[in-house]
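Here's the structure we're looking at; comments come further down.
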Amino acid sequence: MLPWTALSLALSLRLALARSGAERGPLASAPQGDLLLLLDSSASVSHYEFSRVREFVGQLVALLPLGPGALRASLVHVGSRPHTEFPFNQHNSSQAVQDAIRAAAQRMGDTNTGLALAYAREQLFAEAMGARPGVPKVLVWVTDGASSDPVGPPMQELKDQGVTVFIVSTGRGNLLELSAAASAPAQKHLHFVDVDDLHIIAQELRGSILDAMQPQQLYASEVTSNSFRLAWPPLLTSDSGYYVLELVPSAGPGATRRQQLPGNATDWTWAGLDPDSEYDVVLLPESNVHLLKPQHLRVRTLPDEAGPERIVISHARPHSLRVSWAPALGPVAALGYHVQLGPLSGGAAQRVDVPAGRNSTTLQGLTPGTAYLVTVTAAFPSGHERALSAKACTPVGERSRAPRPAPRVAVGRGG
């Protein structure tokens with residue numbers, strides 16, 4: 001009888017647990033998102049430092065729920081040119097990602113972080129590289145703090161697209177610059193740690209990444225002049241109810257827009273909006289199973305600001321070159337431009353301010369035979385900036401016109 005009694009108790013306990021779980025509602029699903037790991041793989045990092053950073057990143061990945069239907073990871077090296085170790089859709093398990101990180105080799109070269117960030121924005125977070133639409137995006141940038149090209153503009157463009165940026169500096173970075181590059185608040189998204197103590201922050205960083213991947217309330221991202229994307233946690237399931245989204249202009253009376261979505265939806269994009277305008281958003285979870293409160297949010301679209309286009313490099317000389325660009329022609333006029341130029345191999349950068357009525361300038365005092373990154377930034381009354389970058393190279397030097405040698409006269413021997 002004892003075996004049957006034990007079996008009966010086990011079945012009763014399992015039934016009670018199942019009933020308790022049903023009363024609490026659906027189980028929390030695994031967070032979904034795309035995690036981009038950006039590692040400084042340039043010659044400014046010693047082989048020992050790179051090995052410790054690689055070990056830390058592998059440890060961090062081991063703590064995260066990677067796999068189909070959960071988080072996906074991609075690894076990109078910062079060097080003279082960005083190098084993708086593996087895209088988001090290459091590895092489907094945590095162990096496979098850890099093995100790929102362990103096999104990653106240092107690339108060396110220059111520290112062109114800005115170029116790698118632009119590459120991430122334009123290519124890596126695209127669906128062709130395995131990124132998934134409608135899921136949170138997180139960037140973890142591990143750096144020694146040095147960069148050969150500007151980081152601010154491409155990083156801001158990533159954040160404008162809704163990417164949450166975490167920065168881990170091994171102690172030699174500029175606090176103000178890195179604080180501006182990380183997502184706000186900086187005290188949650190920026191870590192200064194010695195390379196031998198990186199393991200100390202692994203658990204804390206894991207929790208912050210999961211928080212960013214699994215939003216706890218309605219939030220907006222990818223805000224433009226005429227659209228924004230909304231996302232929220234999975235409050236319902238397809239069987240337990242549906243959502244109603246309401247969009248109301250905040251400034252005055254206007255037509256309320258409504259959208260009904262299934263219970264398994266977690267995001268929606270509003271388009272066709274007015275620039276530089278505020279909207280009140282209400283998310284109404286409708287369910288006969290759970291009583292859930294509405295969530296409210298106010299979102300302001302960006303001014304209709306168009307940045308510079310088509311940078312042209314001309315009149316290249318060993319010590320100077322001319323930079324021209326198609327001016328910003330949007331409805332909101334730019335206050336002016338600033339042109340920043342820095343050598344790709346590292347060194348001091350120079351900046352030239354250009355008034356709004358001009359769209360070209362000549363940069364002087366350059367080094368012959370040197371590759372530069374030129375960034376043209378338009379500044380607007382709202383405080384926003386729109387930037388565009390291009391590469392330029394000065395020639396080695398002017399060709400010298402050496403005197404031609406005198407023609408040789410053949411002298412024959414007399415017989």
Side-chain angles (χ1 to χ4, degrees), residues 33-64 66 71-79 82-86 94 97-98 100-102 104 106-107 111-117 119-121 124-125 136-149 151-152 154-156 158-159 163-213:
D34 296 331
L35 171 65
L36 175 60
L37 304 164
L38 187 66
L39 303 190
D40 188 347
S41 188
S42 67
S44 68
V45 178
S46 70
H47 291 296
Y48 173 76
E49 290 175 319
F50 182 79
S51 66
R52 297 310 303 267
V53 167
R54 183 175 55 194
E55 179 183 342
F56 162 70
V57 172
Q59 178 186 5
L60 177 64
V61 165
L63 299 172
L64 294 170
L66 271 70
L71 304 190
R72 289 182 178 178
S74 175
L75 175 64
V76 172
H77 296 268
V78 174
H83 173 78
T84 301
E85 187 72 30
F86 52 87
S94 177
V97 173
Q98 293 176 57
I101 293 173
R102 193 178 301 112
Q106 189 172 0
R107 308 296 297 182
T111 316
N112 294 329
T113 308
L115 192 63
L117 292 170
Y119 169 78
R121 180 180 61 83
L124 203 62
F125 277 124
K137 314 291 184 185
V138 170
L139 168 67
V140 176
W141 173 29
V142 186
T143 175
D144 66 353
S147 180
S148 303
D149 57 352
V151 171
M155 186 70 87
Q156 187 58 52
L158 278 172
K159 291 190 288 187
V163 178
T164 303
V165 178
F166 294 93
I167 301 177
V168 179
S169 175
T170 53
R172 298 193 294 271
N174 183 292
L175 175 60
L176 294 179
E177 292 179 356
L178 293 179
S179 296
S183 291
Q187 58 267 26
K188 181 180 178 181
H189 297 86
L190 174 61
H191 300 270
F192 279 88
V193 189
D194 186 83
V195 71
D196 289 319
D197 297 326
L198 285 169
H199 63 279
I200 296 176
I201 67 167
Q203 285 287 353
E204 179 183 354
L205 184 57
R206 169 195 177 273
S208 299
I209 292 173
L210 292 179
D211 286 344
M213 293 293 190

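- The shortest heavy-atom contact between K159 and A180 is NZ-O, 2.8 Å.
- Residues satisfying the side chain to side chain donor-acceptor pair (under 3.5 Å) criterion with R206, sequence neighbours excluded, are absent altogether.
- Although no hydrogens or angles enter the test, the distance criterion places a donor-acceptor pair under 3.5 Å between the side chain of Q106 and the main chain of S42.
- Of the possible polar contacts, none joining the K188 side chain to the S183 backbone as a donor-acceptor pair under 3.5 Å is found.
- Every residue was checked against the salt bridge (Lys or Arg N to Asp or Glu O under 4.0 Å) condition with E177, not counting sequence neighbours, and none meets it.
- Under the rule for a ring pair (Phe, Tyr, Trp, His ring centres under 6.0 Å), Y119 has no partner lying at least two apart in sequence or in another chain.
- L198 pairs with exactly one of V168, V57, L205 by the side chain to side chain contact (heavy atoms under 4.5 Å, CB included) rule, that one being V168.
- Nearest heavy-atom pair, V142 versus F56, reported as atom, atom and distance to 0.1 Å: CG2-CE2, 4.5 Å.
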Q: Please step through side chain to side chain contact (heavy atoms under 4.5 Å, CB included) for the pair L117 and L38, ending with a clear verdict.
A: CA-CA 9 Å; L117 292 170; L38 187 66; 3.7 Å; yes
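- Under a 3.5 Å cut-off, the side chain of R107 and the backbone N or O of H83 do not form any donor-acceptor pair.
- Side-chain atoms of H189 never come within 3.5 Å of backbone atoms of A182 as a donor-acceptor pair (strictly under, hydrogens ignored).
- Every side chain to side chain donor-acceptor pair (under 3.5 Å) that S46 has, sequence neighbours left out, goes to E49.
- A search for side-chain contact (heavy atoms from CB on, under 4.5 Å) contacts involving R52 returns Y48, E55, V195, D196, not counting sequence neighbours.
- Remark: H191 engages no residue in a ring pair (Phe, Tyr, Trp, His ring centres under 6.0 Å) (not counting sequence neighbours).
- Summarising the geometry, atom CE belonging to M155 is positioned 5.5 Å from atom CG belonging to L139; distances are rounded to the nearest 0.5 Å.
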(Q) I'd like to know whether R72 forms a salt bridge (charged side-chain N to carboxylate O under 4.0 Å, His left out) with D34, so could you lay out the CA-CA distance, the side-chain angles of the two residues, the decisive distance to 0.1 Å, and finally the verdict. (A) CA-CA 5 Å; R72 289 182 178 178; D34 296 331; 5.5 Å; no
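- Panel note: side chain S169, backbone D144; no donor-acceptor pair is recorded below 3.5 Å.
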